[in-house]
Amino acid sequence: MSEHEPDLPAGEGAETSAPAAPRRRSTGRRVLLAVAVVLVTAIVAVTVFGVVTVRRPLPQTSGRVDLPVLDASVTVVRDDQGVPQIYADTPQDLFRAQGYVQAQDRFFEMDYRRHVTAGRLAELVGDDPDAIAADKVTRTFGWREVAEEEWDLVDEDTRTYLRSYAEGVNAYLDARAPADVALEYTVLGAQVQVADPEPWDPIDSLAWLKAMAWDLRGNYDDELDRALAYGTLQDTARVTGLFPPYPSDVNLPIVGTGELENPQRTSQDVAARDALPYEDDHLQAALAAADRALSAVPVTVGRGEGTGSNSWVVAGEHTASGKPLLANDPHLALGAPSVWAQVGLHCNDVGPLCGFDVAGFSFAGFPGVVIGHNAQLAWGLTNMGADVTDFFVERVRDDTYLRGDSWEPLETRTETLRVNGGQDVTLEVRSTVHGPIISSVLPQTDAATGTPSPGTRLGEYAVSLQWTALEPGRTADAVFAFNLAADAEDISTAAALFEVPAQNIVFATVDGHIGYQAPGRVPRRHNVADSPVPTDGTWPRDGSDARFDWDGYVPSEQMPQVLDPAEGFVVAANQAVLPAGVSPFLTTDWDYGYRSQRIRTMLEEKIAAGSALDVDDMSAVQLDDRSPYAEVLVPILLDQEIDDPFDAEGQDLLADWDYRTDTDSAAAAYFNAVWRNLLELTFWDDLPVEARPSGGSRWLAVVQGLVDDPTDPFWDDRQTVSIVETRDEVLSRALVSARRDLTVAVGKRPDDWAWGDVHRLALEHPVLGGESVPGLVRDYVNPDPIGVAGGSSVVDATAWDAASGSFDVTAGPSMRMVVDLGDLDGSTWVTVTGSSGHPASPHYTDQLDEWAAGETFAWPFSRAAVTESGQDELTLEP
């Protein structure tokens, strides 16, 4: 049965099976019966209405549909998971059909995203303070304006594809009322006025790339955290200790020095200073205000504790098929529906006039495939983490800002935010030569909570943001270049176009090559010998001093790359790209490499054992849940003396623990509770709220350094007067408090604890899933929470935020794929929810259980395999 054929509610009419009532009834009994009949009738009517309402937007997935925008017939074949494989004669028809199909499945998601990227969210959801705050910040960035500039920059072919995609979307919207498009419009209509959705514009697709780039930016958080931490610590050495250097002697970079043809040393200044100019309370207030403003931007792709990704590629000499294997699982913030839309795009006759034959993971709202494979090549992406953002401390006086010895006029513009059901909001956007001022976007109250100092001779402090994605670029061209790539040279060409976000690219070809390529627009920074702060982009810098301005970008031909490395594999999992001190300078703020090194170790062990690796082996690596935190800390925790037998029962779990964080593990639950409490006891008294430990890989590196010094000042609790705590006191308190926390949260018996009972994935709809929405609606659109294995900096990276007090998953593998270049039809894939954005669809969450269990689905690619797996076939006719 196709999705558009509504089922009747189960059990309708069941009330007729009740026992017969007595013949004699009093008047009161007759009244009660009449009321009961009315109630039953109302319940049935509401049930039927509800079923019709929620199922009305479900798409037609079989039969025939007239689509006048097409030039020729297009076939859409869907498998058991509802994944569409599209076949067309021309690229234009292919992307028209993709637009049509993605509008069928996920238009509200697309509409939500374009409102976010244009700073128009309040127009969609109404007078909501969070939506208005998000709109203010996004309008300040000017994402939509940058996307409009990009339209004239991208290739004509790209413009054609974007227009074609928009034509397909609009063909689906034509003559459909909002309630026929998505349930969300019906629900919103009870609160605000819902108009017909605006036609899709190609610029909407380009603007979506800005949100992707924002969520995957580089060291923005670390840069602000350094300055904010300095405000309380007032000690450069202690702040530096919170950002240890990358341990390249233990966790290897992606590209070793021996793999570079002519390695050059970088002269970038990374030296620490004895004292830094961040003590001023008003400057600290401006930095905190900037942090609050940027936190108001909705997460659409990725930002969450543990955001990163795993990818690796293995040469055919080590595989069962004799051809390369490629694995990728991007770690992003997770929601319902998933950020990814699986799709296949196939020209009926692949050739010069129509070259697409590609399948993989796309973004609903943008044509093409972002990660996947074609008939010649597979590619995967992980966040490179290059430093592409800088904060500048500006001196602002009225409508001017200080540059050198003169006051230059600020660039200003006025934005009007429309609020559905509320009053318009006027926003003045102010920018310097570096970019928009973000510290004054959201309202503040007084000096104690963040108002900058007014009226001084040098003006008030303000913070501006310079970011590579606020300049127009050609990332849209890169998506289609990936789709058509056949070899390493094509990947290099595509990488030069893939300007933002900066991503690691791993690739493999059917003729046996494997490789790595670093793309991205990465700024170059001047060395300033007498600078009061390091000049490598790790700290906010003085905006009045032109010596701190960017000095262009690293040329694409200088970006790191490797082809067919001698060891027979490449691992790119957010670790350092290059050894320290090797040019080009990209950043110092890498993920600390625990995941990447664990992947390397597992591959090396399998290869050394003579294993011929296959798809199942790659999937098993993706699911590895061994904790690097446990390896470092458990031996020390077991050395702590706990006198109370009740409290010691938790510690006893660690004695024979294998460090695995599977869902049934009581030891994993206890250990992670210890880790959370350890971070709170050690750092919360020293750091501002904005810089509290999240628990990610950096904090493991920090604690790893601290445990060797039992009297480090961080162990001392500054809130206890005349008492100086040491390491062992803090560790013992963390062990005891974790036992008691789990006793309250789960139960008294440690044998009853299980990591999956507290470490849960609770997916949330971006608009209808929050606490302000009625529970009935919220429960319907939010999938049931599910316990998962893994954790932060574990290969199975289901991260959680220690600063939140909860173990709930904040980011994780948004999809998993393994591509066998020797048998493309033998490849596998899975996404965290499903292919549909309609809560009533069976494909809304039909991949969730398998994803959580570490299972995957067959990924058909050839026409024969697609036909064999097909469950529905829809013909689109011009």
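These numbers were taken from a predicted model, which means no experiment stands behind them.
Between Glu150 and Lys210 there is a salt bridge, since a side-chain N of the basic residue sits under 4.0 Å from a carboxylate O of the acidic one. Here Arg474 pairs with Asp155 in a salt bridge; the nearest charged N to carboxylate O distance falls below 4.0 Å.
From Asn574, atom CG reaches atom NE2 of His331 across 7.5 Å, with rounding to the nearest 0.5 Å. Summarising the geometry, atom CG belonging to Asp399 is positioned 13.5 Å from atom CD belonging to Glu408; distances are rounded to the nearest 0.5 Å. Considering OG of Ser431 and CZ of Arg413, their distance stands at 6.0 Å, rounded to 0.5 Å. Taken from CG in Asp204 to OG1 in Thr117, the straight-line distance is 7.0 Å, to the nearest 0.5 Å. The distance from the CZ atom of Arg159 to the CG atom of Asp477 is 9.0 Å, given to the nearest 0.5 Å. Here the CE-CD1 distance, from Met815 to Ile371, works out to 4.0 Å after rounding to the nearest 0.5 Å.
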Between Asp490 and Leu377, is the side-chain contact (heavy atoms from CB on, under 4.5 Å) condition met? List the steps. CA-CA 10 Å; Asp490 291 340; Leu377 177 145; 5.9 Å; no
Apply side-chain contact (heavy atoms from CB on, under 4.5 Å) to the pair Trp539 and Phe391, showing each step before the final yes or no. CA-CA 8 Å; Trp539 294 77; Phe391 294 99; over 6 Å; no
Stepwise, does the salt bridge (charged side-chain N to carboxylate O under 4.0 Å, His left out) test hold for Arg595 with Asp591? CA-CA 9 Å; Arg595 281 183 291 108; Asp591 177 275; 3.4 Å; yes
Derivation of the side-chain contact (heavy atoms from CB on, under 4.5 Å) call for Leu470 and Glu145: CA-CA 9 Å; Leu470 295 184; Glu145 289 75 11; over 6 Å; no
Begin with the C-alpha distance, continue with both residues' side-chain angles, and end with the deciding distance and a verdict on ring pair (Phe, Tyr, Trp, His ring centres under 6.0 Å) for Phe498 and Phe482. CA-CA 10 Å; Phe498 201 74; Phe482 284 133; 5.6 Å; yes
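In this structure, Glu223 has no salt bridge (charged side-chain N to carboxylate O under 4.0 Å, His left out) partners at least two apart in sequence or on a different chain. For Arg692, there are no salt bridge (charged side-chain N to carboxylate O under 4.0 Å, His left out) partners, not counting sequence neighbours. Qualifying salt bridge (charged side-chain N to carboxylate O under 4.0 Å, His left out) partners for Asp549, counting only residues two or more places apart in sequence or in other chains: Arg403. Contacts of Asp390 classified as salt bridge (charged side-chain N to carboxylate O under 4.0 Å, His left out), with partners at least two apart in sequence or in another chain: Arg525, Arg541. Contacts of Tyr401 classified as ring pair (Phe, Tyr, Trp, His ring centres under 6.0 Å), with partners at least two apart in sequence or in another chain: none.
Remark: Arg698 is not positioned above the aromatic ring of Tyr592, lacking an NZ or CZ atom under 6.0 angstrom from the ring centre and at most 45 degrees off the axis.
Side-chain atoms of Gln503 never come within 3.5 Å of backbone atoms of Glu499 as a donor-acceptor pair (strictly under, hydrogens ignored). The backbone N or O of Val528 sits nowhere less than 3.5 Å from a side-chain atom of Ser531 that would complete a donor-acceptor pair. A donor-acceptor distance shorter than 3.5 angstrom exists from the side chain of Thr240 to the backbone of Thr236, with no hydrogens or angles considered. In terms of modelled atom types and a separation under 3.5 Å, the side chain of Arg521 and the main chain of Thr468 share a donor-acceptor contact. Checking side-chain atoms of Asp291 against main-chain N and O of Leu287 turns up no donor-acceptor pair under 3.5 Å. Looking at Arg139, its side chain does come within 3.5 Å of a backbone N or O of Ala118 through a donor-acceptor pair. Formation of a donor-acceptor pair under 3.5 Å by the Thr138 side chain with backbone atoms of Gly119 is not found in this model. Listed for the Asn328 side chain is a donor-acceptor partner under 3.5 Å among the backbone atoms of Leu381. The main-chain N or O of Tyr594 is never found under 3.5 Å from a side-chain atom of Ser793 such that the two would form a donor-acceptor pair. Although no hydrogens or angles enter the test, the distance criterion places a donor-acceptor pair under 3.5 Å between the side chain of Ser311 and the main chain of Ala572.
Looking at Val313 and Phe507, their side chains never come closer than 4.5 Å, going by heavy atoms from C-beta outward. Using a 4.5 Å heavy-atom threshold, the side chains of Phe141 and Val146 count as separate. Looking at heavy atoms from C-beta onward, Val239 lies out of side-chain contact with Leu276 at the 4.5 angstrom threshold. Within the 4.5 Å cutoff, no side-chain heavy atoms of Gln558 are placed close to those of Gln264. By the 4.5 Å heavy-atom criterion applied to side chains, Arg524 and Tyr553 are not counted as neighbours. Side-chain contact check for Phe585 versus Asp387: every heavy-atom pair is 4.5 Å or farther apart. Here the side chains of Pro519 and Ile505 are in contact, with some heavy-atom distance below 4.5 Å. Residues Arg395 and Glu460 have side chains not in contact (no heavy-atom distance under 4.5 Å, counting atoms from C-beta outward).
At a cut-off of 3.5 Å, with distance as the only test, no side-chain donor of Trp340 or Ser362 sits close to an acceptor on the other residue. With hydrogens and angles left out, the side-chain atoms of Asp536 and Thr538 include a donor and acceptor closer than 3.5 Å. In this structure, a donor-acceptor pair under 3.5 Å is present between the side chains of Asp329 and Asn310. At a cut-off of 3.5 Å, with distance as the only test, a side-chain donor of Asn504 or Thr382 sits close to an acceptor on the other residue. Residues Glu394 and Ser464 bring a donor and an acceptor atom of their side chains to less than 3.5 Å of each other.
Annotation: Gln704, atom CD; neighbour count of heavy atoms from other residues, nucleotides and ligands within 6.0 Å is above 12. Around the CG atom of Asp530, the shell of radius 6.0 Å holds more than 12 heavy atoms that belong to other residues, nucleotides or ligands. For Glu156, the CD atom is densely surrounded, since the number of other residues' heavy atoms within 6.0 Å is greater than 12.
Every pair tested for side chain to side chain donor-acceptor pair (under 3.5 Å) that includes a residue from residues 241-253 fails, sequence neighbours excluded, so the list is empty.
The aromatic rings of His434 and Phe392 sit parallel, their planes meeting at an angle under 30°, below the 60° perpendicular limit. The aromatic rings of Tyr278 and Tyr230 sit perpendicular to each other, their planes meeting at more than 60°, with 30° as the lower class boundary.
The two residues Trp699 and Leu242 have their closest heavy-atom pair at CZ3-CD2, 3.9 Å. Nearest heavy atom pair, residue Arg430 against residue Ser440, reads NH2-OG, 3.5 Å. The two residues Ile254 and Val571 have their closest heavy-atom pair at CG1-O, 3.6 Å. Across all non-hydrogen atoms, the minimal contact from Pro688 to Ala229 is CD-CA, 4.1 Å. The two residues Ala573 and Ser596 make their nearest non-hydrogen contact at CB-CB, 3.8 Å. Shortest non-hydrogen contact noted between Pro560 and Leu586 is CG-CD1, 4.4 Å.
Ring centroids of Tyr461 and His282 are separated by 6.0 Å or more, keeping the two rings apart.
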